[in-house]
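Structure, as C-alpha cells:
Convention: sequence-line order gives letters A, B, ...; per-chain numbering from 1.
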Amino acid sequence: MSEQSPGKGSGQLAGGGRMLAGWGRTAPTVATTRRVADGAAEVAELVRRAGPRGLVARGLGRSYGDPAQNAGGEVLLPLPTRIEHEPDGRPGTVRVSAGTSLHDLMAELLPRGRFVPVTPGTRYVTVGGCVACDVHGKSHHVAGSFGRHVVSLELVLADGSVHEVGPDRDPELFWATVGGMGLTGVITSAVLRTIPVESSWMTVTTTRHPDLDSVMEEMRTGDRDVTYSVAWIDTLARGRSLGRSVLTRGEHARRDELDTSAAARPLVAPGGARLRVPPGVPGGLVRPLTVRGFNEAWFRRAPRHRTGELQPLAAFFHPLDGVADWNRLYGPRGFVQYQCVVPDRAADTVALVVDRVARQGHASFLSVLKRFGPGDEAPLSFPMPGWTLALDLPARAGLAPLLDELDRLVAAVGGRVYLAKDARLDPARLPQMYPRLADFRSVRRRVDPTGVFRSDLARRLGL
Amino acid sequence: MINALGRPQTVLLLGGTSEIAQAVVAAWARTCRPLVVLAARPGPRRDAAAAHVESLGLEVEVVDFDAERTEEHPALIDAVSREHDIDVAIVAFGVLGDEEQAWQDHAAATRLARVNYTGAVSVGVCLADVMRRQGHGMIVALSSVAGERVRRSNFVYGSTKAGMDGFYLGLGEALRGSGAGVLVVRPGFVRTRMTAGRSPAPLSVTAEQVADAVVRGVARRDELIWVPAPLRGVMSGLRHVPRPLFRRLPL
Ligand SMILES: Cc1cc2nc3c(=O)[nH]c(=O)nc-3n(C[C@H](O)[C@H](O)[C@H](O)COP(=O)(O)OP(=O)(O)OC[C@H]3O[C@@H](n4cnc5c(N)ncnc54)[C@H](O)[C@@H]3O)c2cc1C
C-alpha cells in the first residue's frame with residue numbers, strides 16, 4: 001500500500017460527511033465518502049443506491065481543482081491495490097484495480113524490469129484517475145497520453161451494469177471515459193500495457209537556457225530524438241531573461257550505463273516521501289519575494305550543460321514527491337495551477353502568457369514547459385500537438401482577471417486548459433476549447449441519462 | 001458552485017431591491033456572470049431592480065418574497081434550491097424606521113423586529129438547511145455596526161441588528177464542517193436611500209464599498225468583516241466604554 005491514503009487534503013467530519021478539496025485546496029465541499037473494499041459488484045450496488053446529488057469516483061485527490069468532489073452527494077474511493085501480471089497470458093500487461101497508485105504499481109513492476117507507460121509529475125495518483133484525466137508525462141511527444149496504453153477497462157455504468165470497454169469494444173464509450181473526468185461511470189479495473197526497462201535509473205542531460213526562444217528552439221529540433229523532456233521556466237524573470245529555463249531530458253538507463261553502485265541495485269522501487277511539511281507551518285510562504293529568490297538560486301545552481309548524469313527514477317520523474325503535502329506551503333487559501341496547451345503554429349502565445357504572468361508579478365514556482373505530440377480520440381482529452389505550459393499560482397486577489405485574459409489568448413489560437421488542473425474556467429469558454437464537447441455529452445446522455453455521475457467540476461462547467 | 005477564486009454561479013438576493021444587494025451584484029458582474037435570483041415583494045421597485053440586474057448583462061429570475069411572511073419562507077427557499085444550487089445567499093432586507101417613533105409606536109417597533117430579526121432568523125434557518133444538503137454555499141448576512149454596541153439614538157433598529165448579527169455568527173459556528181459558511185458583514189453608516197437625509201456618521205461608506213468587501217469576503221471565505229476595515233478597531237474600543245461616558249459621546 002502507498003503511505004498516502006486516498007483523499008489527502010480532506011478531513012472526516014462528525015456528521016458522516018467529509019470535507020474534500022483538490023490538490024490546490026481552493027474550494028472544499030462536503031460529501032459522503034464510501035470506501036470500496038471489493039470489486040465491481042459492490043460499486044454497482046452503491047451506484048444503484050445513489051442519492052439525488054449523485055456520485056463520482058475519487059483517486060488520490062491529486063487533481064488540482066474539483067473533479068473528484070461532489071458537494072452534498074457521494075464520493076467513491078475505488079478498490080485499492082490489486083495487481084495481476086499478464087492477465088489472459090498477454091505479455092507485458094497488467095490488470096490493476098482502479099485505486100492502485102502508480103507508486104504501488106511501480107514497486108510491482110520495476111523488479112520485473114517493467115515500467116508504467118506514462119507517468120505524471122507525481123506517482124501518488126491512481127490508475128482510475130490517470131485514465132479519467134488521460135494524463136500525460138514527459139514523453140507525450142513520443143508515447144502519447146495514458147489512454148493510448150489501456151487495453152481495456154471494467155466500467156460500472158449509471159444503471160449498475162458492469163461493462164468491459166476498450167478501443168475495440170464500444171470505442172465510443174471507451175474514449176469518452178478516457179479523459180471523461182469520472183462522468184461516464186466508475187472504472188473498477190484496467191488492463192494496461194507496460195514498457196520494458198533495464199534499470200530503475202535514468203541517464204539525464206541538463207542544459208540551461210537564457211531565454212524562452214532558445215529553449216523552445218532546442219525542444220523543437222531535439223525533442224523527437226529523446227524519450228523524456230521537460231523545461232522548467234523561471235516565470236518571474238523579465239526582459240531579456242524572459243523565459244530563462246533549465247531543460248532536462250532523460251532516457252531509461254541501460255544496464256551497461258550504470259556505475260558500480262547503481263549496478264549493484266539496478267531495479268529498485270522508488271521509496272516514500274522523505275520530508276513532510278510540519279503541521280502549523282505558516283501559510284503564505286509562497287510569495288513573490290521567496291519565489292523570486294528560489295527561482296534565482298535554482299537557475300544558477302543548474303549546470304550550463306551536463307550529459308549522462310545517472311539519476312534515480314523518482315528524482316527525475318517526481319522531484320516534488322520527496323516532500324509530502326508540499327501544497328500546504330501555499331497557505332489556507334490554496335493555489336491554482338494554470339495549465340494550457342497551444343498548437344505549434346501559436347508558439348508565440350507561450351511567450352505572451354509567460355510575459356503576462358511575469359509583468360503582473362504573480363509568483364509561480366518553477367513553471368513547466370513541454371512539447372506534446374498528437375492527441376488521441378478522447379473528446380475531452382487535453383493534449384494536442386504543440387506546447388503545454390503549467391504555472392502554479394497562489395489564489396490571491398487579481399488572479400482571476402489575469403487567468404481570464406490568458407484564457408482569451410489561449411482560446412483565440414485554438415488552445416485549451418487542462419480540466420484536471422482547472423478550478424476557475426468560465427463555462428462559456430469550454431465549447432471553444434473543447435470542440436468535441438458535444439460528442440462527449442452525447443455519450444454521457446446515452447449511458448447516464450439521469451445524471452447519476454456528478455461532480456463539482458461538472459456542475460461548475462456544465463459538463 | 002463557487003469557483004476557486006470565489007466566483008459564484010447562482011446568487012439569491014433576499015431583499016433584492018436593497019441598494020447594497022444591487023451593488024454586490026454589480027461588483028460580481030464585472031468579473032463573472034452569476035444567475036441572480038431576486039427575491040422581493042412584487043412592485044415597481046422590484047421591476048426596476050430586476051431591470052438593473054439585466055442591464056448588467058446577467059440573467060435574472062424574480063420570486064415573491066416578503067420578510068414578514070415567515071411561514072412562506074421554507075417553501076420558497078426550497079423551491080429556489082430545487083432549480084439551482086444556491087451558491088451565495090445574501091440576506092439584505094431590513095428597515096430602519098424613524099428612531100424616535102420606533103420605540104414609542106407599537107406597530108413600528110414590532111415591524112422592525114419582525115423584518116430585521118424574525119425575518120432574518122427565518123431565512124437563515126431555511127438557507128442553512130439547503131446549504132447543508134448541498135455540501136457547500138455561503139450565506140452573507142448584512143448586519144450593521146449599529147448592532148455591535150446599541151446606542152440610544154437608534155436602539156430599536158440597533159437591537160434588531162444585534163440580534164440578527166448574533167444569530168448569524170452562531171449559525172456560522174453551527175455550520176462549521178458542513179461545507180457551508182456564513183459571512184457576517186458589519187458596515188458603518190452606509191449612504192443609501194435608506195439613510196438619505198441623515199447626516200453621515202464618521203467612517204461612513206458607500207454601497208459600492210460594502211459590495212467590494214462582500215465580494216472579497218466571499219472569495220476569502222471570511223466569517224466576519226467590517227466596512228471600512230478600521231471600524232473594527234474603533235468599535236472594539238467603543239464596546240468597552242462605560243455607559244455613563246458612552247451616553248455622552250456624540251454618536
Ligand atoms: C505534483 C503534481 C504533478 C502532476 N503532474 C501531472 C502531469 O505531469 N501530467 C498530468 O497529466 N497530470 C499531472 N498532474 C495531475 C494528476 O496526474 C491528475 O490529476 C490525476 O488524474 C490525479 O489522479 P488521482 O488518482 O489523484 O485522481 P483524482 O484527482 O482523485 O481524480 C481525478 C479524476 O479522476 C476521476 N476518477 C478517479 N478514479 C476514478 C475511477 N476509478 N473511475 C472513474 N473516474 C475516476 C475523478 O472522478 C476525477 O474526475 C499532477 C498533479 C500533481 C499534484
Side-chain angles (χ1 to χ4, degrees), chain A residues 11-22 24-32 51-53 64-66 69-75 332-338 393-404 421-428 454-462, chain B residues 1-11 27-35 57-59 78 81-88 127-138 173-183 211-223 225 229:
Chain A
Q12 195 74 44
L13 301 167
R18 190 164 147 187
M19 188 85 85
L20 297 173
R25 303 169 79 223
T26 41
T29 61
V30 166
T32 306
R53 290 183 68 87
Y64 280 69
D66 50 3
Q69 295 167 224
N70 182 22
E74 285 154 71
V75 171
R333 290 180 60 201
F335 67 114
V336 296
Q337 180 164 100
Y338 188 77
L393 299 159
R396 63 178 174 93
L399 187 56
L402 171 69
L403 297 187
D404 286 345
K421 309 286 178 77
D422 177 58
R424 36 64 50 195
L425 181 68
D426 178 349
R454 296 187 198 184
S455 64
D456 289 358
L457 173 88
R459 278 187 200 98
R460 182 168 59 77
L461 291 181
Chain B
M1 305 305 304
I2 303 179
N3 80 11
L5 300 177
R7 295 166 171 192
Q9 287 175 298
T10 302
V11 178
W28 264 316
R30 285 195 288 275
T31 60
C32 59
R33 286 191 292 278
L35 165 76
L58 304 182
E59 210 185 316
D78 194 54
S81 78
R82 274 170 208 284
E83 296 296 314
H84 330 270
D85 274 20
I86 301 174
D87 299 334
V88 179
L127 290 169
D129 179 48
V130 162
M131 288 188 181
R132 266 164 57 194
R133 276 188 273 137
Q134 285 180 176
H136 77 104
M138 194 125 176
E173 294 303 320
L175 286 175
R176 279 186 96 81
S178 69
V182 176
L183 168 63
D212 288 341
V214 166
V215 165
R216 217 175 316 120
V218 167
R220 300 169 61 107
R221 296 195 298 269
D222 282 340
E223 296 175 345
I225 53 173

Item to check | Top contributor to chain B contacts, counting heavy-atom pairs under 4.5 Å, from A:Pro28, A:Pro427, A:Ala395, A:Gly334 | outcome: A:Pro28

Item to check | Heavy-atom contact with chain A under 4.5 Å, split by part of B:Asp85 | outcome: side chain

Checklist entry - So which of A:Leu403, A:Asp404, A:Asp422, A:Val336 has the largest heavy-atom pair count under 4.5 angstrom toward chain B? => result A:Asp404

Checklist entry - Residues two or more places apart in sequence or in another chain: which of them pass side chain to side chain donor-acceptor pair (under 3.5 Å) with A:Arg459? => result A:Asn70, A:Asp456

Checklist entry - Judged by atom type as modelled, is there a donor-acceptor pair below 3.5 Å linking the side chain of A:Arg333 to the main-chain atoms of B:Arg221? => result no

Item to check | Non-hydrogen side-chain atoms of B:Arg33 and A:Asp426 separated by less than 4.5 Å | outcome: yes

Next on the checklist: Can you tell me if B:Arg132 has over 12 outside heavy atoms packed within less than 6.0 Å of its CZ?
Outcome noted: no

Checklist entry - Once you round to the nearest 0.5 Å, how far does OG1 of A:Thr26 lie from CG of B:Leu5? => result 7.5 Å

Checklist outcome for this item: Okay, A:Arg424 and chain B: the region with an atom under 4.5 Å from a heavy atom over there is both

Checklist entry - For A:Arg460, does its backbone N or O pair with a side-chain atom of B:Gln9 as donor and acceptor, under 3.5 Å? => result yes

Item to check | Max heavy-atom pair count under 4.5 Å with chain A, selected residue of B:Arg30, B:Arg133, B:Met131 | outcome: B:Arg133

Checklist entry - Under a 4.5 Å heavy-atom cut-off, does chain A meet the side chain of B:Arg7, its backbone, both or neither? => result side chain

Next on the checklist: If the condition is side-chain contact (heavy atoms from CB on, under 4.5 Å), which residues does A:Glu74 pass it with, not counting sequence neighbours?
Outcome noted: A:Thr32, A:Arg34, A:Leu55

Item to check | Engaged part of A:Ala400 at the chain B interface, taking heavy atoms whose separation is under 4.5 Å | outcome: both

